[in-house]
K.L.:
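The structure is given below, and queries will be raised subsequently.
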Amino acid sequence: MGREESVKAEAGLPLFDIKQAKGRVCHQLFSSTVFFGICLIWFYRLTNIPGAGQQGRMSWIGMFISELMFSFYWILTQPVRWNVSYYLPFKDRLLHSYEEKLPGVDIFVCTADPIMEPPAMVINTILSVMAYNYPPEKLTIYLSDDGGSNFTFYALLEASHFSKRWIPFCRKFSIEPRSPEAYFSQHFDAQNIVNPQEWLATKKQYEDMKERIQAVINKGSISEEIKNQHKGFLEWNHNVTKQNHHPIVKIVIDGRDKKSLDNDGIQLPTLVYLAREKKLNWPHNFKAGAMNALIRVSSEISNGDIILNLDCDMYANNTDAIREALCFFIDEQRGHQIAYVQHPQNFNNIIKNDIYANNPHAVNKVELAGLGGYGAALFCGTGCFHRRNSLCGSKYSNENKQVWNVKTRKGDKRTINELEQRSKVLASSIYEKGTQWGKEMGLVYGCPVEDIVTGLTIQCRGWKSVYYNPEREAFLGVAPATLDICLIQFKRWSEGMFQIFFSKYCPFIYGHKKIKLCAQMGYCIYLLWAPLSLPTLYYVIVPPLCLLQGIPLFPKVSSPWFIPFVYVFLSRNIYSIVEALRCGSTIKAWWNLQRMVMIRRTTSFFFAFVDTIIKKLGLSQTTFVLTAKVAAEDVSKRYEQQVMEFGSSSIMFTLIATLAMLNLISLAGAAVKTVMLVEYLKEMERLISQVGVCALVVMLNAPVFEALFLRKDKGRLPFSVLFKSVVFVSLACLIPVR
Ligand SMILES: O=c1ccn([C@@H]2O[C@H](COP(=O)(O)OP(=O)(O)O[C@H]3O[C@H](CO)[C@@H](O)[C@H](O)[C@H]3O)[C@@H](O)[C@H]2O)c(=O)[nH]1
Ligand SMILES: [Mn+2]
């Protein structure tokens, strides 16, 4: 077949395929046996409540309620596991038949603080997306700087110069990934470098640039010499602070300009710097506000039909990612239903065995893929391609097939100044007053997980969404490298999600008849993280207390009722190990995950639960605690060595230590009593399950004990935490258990 003919033959073919994972029926059968076991446990709990006045009655009822909550949560996690689906794009078909019809793509990169998100990191993300394999005249990149920092602006200018060398270099040698930092930090075999001279020169230019940026930041101000190079610096008079400044919009590279060429004479993509206006005491709605300003400003400047949004640490790791994502949107049969294509969040700093469980293998490969199977992939805030229309609030309609806008910016005759002036109006803080922005239009305001709630509203307007998890990760970011940061991040997430559950957006109500019941349940796997803290806390507090006082909470080992408990416990855990291994995890990583799950639930989720209630009562306001993307040298070193980082006496750490100590002391107490008291020994057959539960908690907490007793480095738990935890545990042991 000649090219012409093959183009014709391919024109009508689907651009993507959906494959369902095998074993659905098997899984359902397995789920039903576990469910049967759960029912037996309920029955046992109900029929064996200690009588009024008997010791342990309240504790028993508490166990029953906790187990009910666990069971209910487990039920929520099942439907997604029956519908795991994989989406496969055919980018070659796109290449052959649609090259001229490619739509404009606008890429948004968000940053918010030049200290926690170093400009050198931000521009690596920018450079990686500028070098995408996509027609540059159809590509526009926007950097939203909520930090309003001239350092970030300066770094962006530097990046715009370096891109002239970087993009042709990437093209010529087809290099991957296209973030210079990530590329040059790979291990290279000298023989494999095609052109060592050019390679070295590019590397040198990159490193010089990095040094210049670092020098400016170290100095703490920008020299007059640099300021004279670009009139954009004039925007930063001494009134500009992070929280308070006028809107700044600068078109750094204008793709229409005949002079904006790279070193090979090829057009550069358009590059825009934006710092939306901020005023003290005026809500700016954090990232959601930044995204909405980006949507408006970009509609003025380039108005690409497709929007890719990225956090500043998420560099592009696959040059063809745009083309792959486009397959889903452009497909002639099903493409018009799709609002967004979400990629999983992957990180390039995951260490062996992943001590903080930053890479949730089973979530990425099973749960999210299962939700995707119901057409309700979550929007996770970064690594997501959107259809501009649907993000702006339009409803899905079967009739309106999108006509893609294939025009480039070339036809736009407005001057840069006109564009910037108009954009400033759109980026001013009063612009949204009295409009539907943050409600029906753009990202939804008022929630720390603006992404999840926005995704849900889009689906409830009739759109479908795709979860796409390609073999080669499309984006890689920076995962938290200390326990503290992890827990704060999970607190923000769990709090935001629980807020959604309690708001008018609760999937069971808001999504009723709009998304599938199984998808509503799937959403609640995450939305109900916070309340899951309660039964977990119960399970790590009450059994050890009861053990100390010799009150049994589980059936005897010889009783037939012991079987459902063992079955549910073993089947759940063996299943979860198998699932993790199949998703590419390791046993050690799985074990670390169990520890992190326990710690998150008893700290982050618990504080999130409390804070959500306080907020519901109107006592405080929504906040967004930014995740730091850099760590001190010794901290990073301990991270590399897989040593947990504590190093402070935060209230979360005190809670972790207290719970660990409680279980340890209770175990020790039980051991002493077994040896000393004959009656206690007789009860052992009924207490042994509790010994098991406590022992498990103690084993999971091994790194906590190490940090309390053994370590000498700065990341250990301070003595004050040990002291407080012992006091709390002693007090707890004095409480009479009912
Ligand atoms: O006022 C703000 C606060 C944050 N950001 C940006 O939002 C992104 C995410 O912030 P980060 O601190 O990295 O939060 P993470 O916990 O890593 O973010 C996850 O969770 C967020 C919701 O809680 C989502 O918005 C993110 O996309 C998702 O990666 C970053 O690029 C920030 O620069 C802003 O632009 N303005
Ligand atoms: Mn992040």
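Indexing begins at 1, ligand by ligand and atom by atom, following the structure's order. Below, all heavy atoms of this structure are taken into account, side chains as well, without hydrogens, waters or symmetry copies.
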K.L.:
Verify the distance criterion only: is there a donor paired with an acceptor across the side chains of His284 and Gln243 at less than 3.5 Å?
P.N.:
no
K.L.:
Where do Phe329 and Ala339 come nearest, in terms of heavy atoms and distance?
P.N.:
CE2-O, 3.5 Å
K.L.:
When you look for protein heavy atoms under 4.0 Å from ligand 1, which residues do they belong to?
P.N.:
Cys110, Thr111, Ala112, Glu117, Asp146, Phe286, Lys287, Asp311, Cys312, Gln345, Cys380, Gly381, Thr382, Pro448, Val449, Glu450, Asp451, Gln489, Arg492, Trp493, Phe624, Leu626, Thr627, Lys629
K.L.:
Atom CZ of Phe624 and atom CD of Glu450: how far apart are they, to the nearest 0.5 Å?
P.N.:
6.0 Å
K.L.:
So, for Asn592 and Ile355, which heavy atoms are closest and what is the spacing to 0.1 Å?
P.N.:
ND2-CA, 3.9 Å
K.L.:
Side-chain contact test, heavy atoms from C-beta onward, threshold under 4.5 Å: evaluate it for Ile141 versus Tyr132 and give yes or no.
P.N.:
no
K.L.:
Considering all heavy atoms of both residues, which atom of Ile350 and which atom of Ala479 are nearest to each other, and what is their separation?
P.N.:
CD1-CB, 4.2 Å
